[in-house]
A.B. asks: 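Have a look at this one before I ask anything.
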Amino acid sequence: MTKYAVETSDLCRDFKVRQVKGESKKSTVHALENANIQIKEGELFGLLGPNGAGKTTLIKILCTLLLPSSGTAKVMGHDVNTHCQDIRQKINMVSGGETSGYGLLTVRENLWMFSQFYGMPSKLAKRRIDNMLEIMDLSDKKDAKVRTLSTGQRQKANMIRGFMTDPDLIFLDEPTLGLDVNASRLIRDFIHKWMKDKPSRTVLLTTHYMVEAEELCDRVAIIDNGKVLACDTPHNLKKLISKESALKLQIKQIADVKPFESIPGVRNFSFKHDPTTGTTDLKFILEDEAIVADIISEIPKCGSKIISVEKTEPTLEDVFVALVGRGLHGDE
Amino acid sequence: MAMSMNRRVFKWSTWLGWQLESNWTDPFPFIIYSIAKPIAGSLILVVMYSIIAGIGGQTDIGLFHYMYVSNAFFMFVAQVLFGITWVIHDDREHYRTLKYLYISPSNFFVYMMGRTISKLLVTTLAVIVTMAFGVFFLGVPLDILGVNWLLFIVVMFIGLACVMSFGLALAGLSFLTAKHSMGMNEGVAGIFYMFCGVIFPISILPAWGISLAKVLPVTYWLELIRRTLDLGVGIDTALAGISTVDSLWILSISTIVFAIISVGIFKLGDYVARSRGLIDMTTAY
């Protein structure tokens with residue numbers, strides 16, 4: 001029988017918010033709507049979605065920070081509503097893009113303190129902290145006050161805090177957000193190795209970065225507006241649109257992209273303006289390659305010029321665009 | 001196992017609290033600050049008493065001793081109430097660590113207690129400095145050999161447990177508020193300051209004020225401290241008819257009642273905060 005690290009059934013979470021400050025009437029925002037997710041033990045599971053899709057809400061519920069409005073969620077077999085303490089013995093979490101930690105303490109003091117809050121035996125804690133400081137290339141900063149660290153160094157220390165307790169399940173909420181290429185690479189490699197070292201470990205990773213999801217995840221769920229739109233391996237997800245063609249065009253910047261949306265045979269379309277280069281990147285998912293000619297002929301009509309054309313194999317991003325109807329960024 | 005875990009959490013949260021209290025500067029300025037602050041507070045009292053004595057024409061030195069000892073020990077109330085709610089605010093909004101502590105297997109109660117103990121230690125130092133300054137420079141007649149130290153320790157223990165339980169209730173409410181928790185604890189401390197016989201005896205309050213004062217455990221705690229230290233006891237406090245033993249009973253029972261209520265408020269605050277998603281709220285304050 002398959003053992004699930006995470007199992008949700010019709011999980012919903014609503015928030016009541018005031019639309020206008022000072023107004024008494026509140027409206028309901030459905031952050032999660034009937035989310036059904038099963039994550040097997042030993043899986044590196046990815047959640048892909050734009051801002052406000054419901055990824056962090058789901059993680060907050062699973063790590064016992066937030067109660068669901070309805071439905072059920074089980075973590076390592078325990079209900080999040082009733083068995084928080086059992087869950088907390090087995091999990092940990094790392095959020096990206098924040099500067100957590102007691103700035104007056106040193107890196108080592110911060111980590112040591114958290115190791116004690118997790119009940120780690122002293123010798124094990126000391127050994128693991130030293131080892132992970134080494135892996136994360138932070139040994140020379142172990143006696144530095146946390147407030148003196150750079151964003152990347154703080155995030156590395158945050159990663160150590162999360163992983164040093166050797167949780168059965170770790171939630172990584174955009175762990176590489178705002179990090180440079182090298183730091184991101186180091187963290188991705190570490191996650192990969194951590195999973196390999198002990199195959200029963202489970203990771204739930206949310207990310208904006210398609211490459212990260214594609215590189216790391218065994219399975220990926222695409223989530224938007226609180227709804228899980230698809231859930232499968234990256235390979236199978238790509239197969240969903242493999243009969244379709246993906247076309248990338250870079251053209252001289254145009255103001256109105258609407259004519260492209262209405263071309264028959266364009267299944268999905270996203271764009272991004274780059275004011276610095278004066279160009280617009282267009283991305284199409286096409287039902288048939290024959291439509292390429294129609295698109296190309298539309299460009300001069302819009303008063304633009306083609307700079308480059310690229311036909312690509314479908315990526316996870318294409319799957320995302322096909323399912324969600326837009327790219328990961330708000331302007332797309 | 002759980003006991004050993006709690007001991008560890010208590011030890012390291014106390015250590016954390018101490019580091020955050022003391023580690024913001026070098027040891028020397030910290031010591032100077034720790035001594036100068038309570039002395040400055042004492043001098044404010046001297047000025048206040050001088051004005052009251054000047055305007056009212058009262059020169060009852062017993063009233064000064066009453067004010068002095070009451071204010072010195074009231075520091076525990078003000079500092080603990082402030083400190084315990086500040087932990088929630090600080091960990092959540094400033095250090096952004098509250099969510100990581102909250103999802104850890106450690107008992108959050110124990111963590112809060114540990115953080116409060118460090119505040120108590122710092123306040124104890126301030127109270128000792130204040131009392132010593134009063135004895136050596138302001139003529140406060142503390143007879144160390146005449147004090148019933150056993151009773152004093154019992155009174156202190158129960159009283160501090162009472163204050164900490166109040167703090168716990170406020171901490172529960174702090175989960176639901178942003179920076180406003182500071183106003184909340186200042187308000188509660190203000191009520192105690194007004195109605196518990198700190199700056200003036202409760203006998204000068206209107207009848208309803210005296211009734212309110214008599215249900216607040218802090219009133220009995222401060223009265224018992226004054227009695228055990230034999231300072232300011234000649235003043236009409238409206239508690240003269242209640243013996244020391246009865247006062248101790250009232251303090252103990254009311255502390256238990258308030259502690260139960262406080263735990264309930266804390267758990268309710270925790271539940272509501274978790275329902276509303278406020279455990280990791282940041283408000284950009």
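Nothing here was measured: the structure is a model prediction, and the numbers come from that model.
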A.B. asks: Chain A heavy atoms under 4.5 Å from B:Tyr111: which part of the residue, side chain, backbone, both or neither?
C.D. replies: side chain
A.B. asks: What parts of residues 101-112 of chain A touch chain B if we use heavy atoms and a cut-off under 4.5 Å?
C.D. replies: A:Gly101, A:Tyr102, A:Gly103, A:Leu104, A:Leu105, A:Glu109, A:Trp112
A.B. asks: The criterion is side chain to side chain donor-acceptor pair (under 3.5 Å); which residues satisfy it with A:Thr64, sequence neighbours excluded?
C.D. replies: A:Arg88
A.B. asks: Which residue out of B:Leu278, B:Asn107, B:Asp91 racks up the most heavy-atom pairs below 4.5 Å with chain A?
C.D. replies: B:Asp91
A.B. asks: For B:Lys99 and A:Ser100, what are the C-alpha separation, side-chain angles and deciding distance, and is it a side chain to side chain donor-acceptor pair (under 3.5 Å)?
C.D. replies: CA-CA 10 Å; B:Lys99 62 180 174 184; A:Ser100 65; over 6 Å; no
A.B. asks: Is A:Val146 close to chain B through its backbone or its side chain, or both, or neither, when contacts mean heavy atoms under 4.5 Å?
C.D. replies: neither
A.B. asks: With only heavy atoms counted, which part of A:Gln85 is less than 4.5 Å from chain B, the side chain, the backbone, both or neither?
C.D. replies: side chain
A.B. asks: Atom CD1 in B:Ile103, atom CZ in A:Phe117: separation rounded to 0.5 Å?
C.D. replies: 13.5 Å
A.B. asks: With a 4.5 Å limit on heavy-atom distance, are the side chains of A:Ser95 and B:Arg96 in contact?
C.D. replies: no
A.B. asks: Working to the nearest 0.5 Å, report the span between CZ of B:Phe10 and CD of A:Gln116.
C.D. replies: 15.5 Å
A.B. asks: State the CG-OH distance between A:Asn158 and B:Tyr100, to the nearest 0.5 angstrom.
C.D. replies: 4.0 Å
A.B. asks: CE/A:Met93 to OG/B:Ser104 distance, rounded to the nearest 0.5 angstrom?
C.D. replies: 11.0 Å
A.B. asks: Among B:Ile279, B:Asp90, B:Asp280, which has the most heavy-atom pairs under 4.5 Å with chain A?
C.D. replies: B:Asp280
A.B. asks: Kindly compute the distance separating OH (B:Tyr102) from SG (A:Cys84), expressed to the nearest 0.5 Å.
C.D. replies: 6.5 Å
A.B. asks: Can you tell me how far the CZ atom of B:Arg274 sits from the CG atom of A:Leu66, to the nearest 0.5 Å?
C.D. replies: 8.0 Å
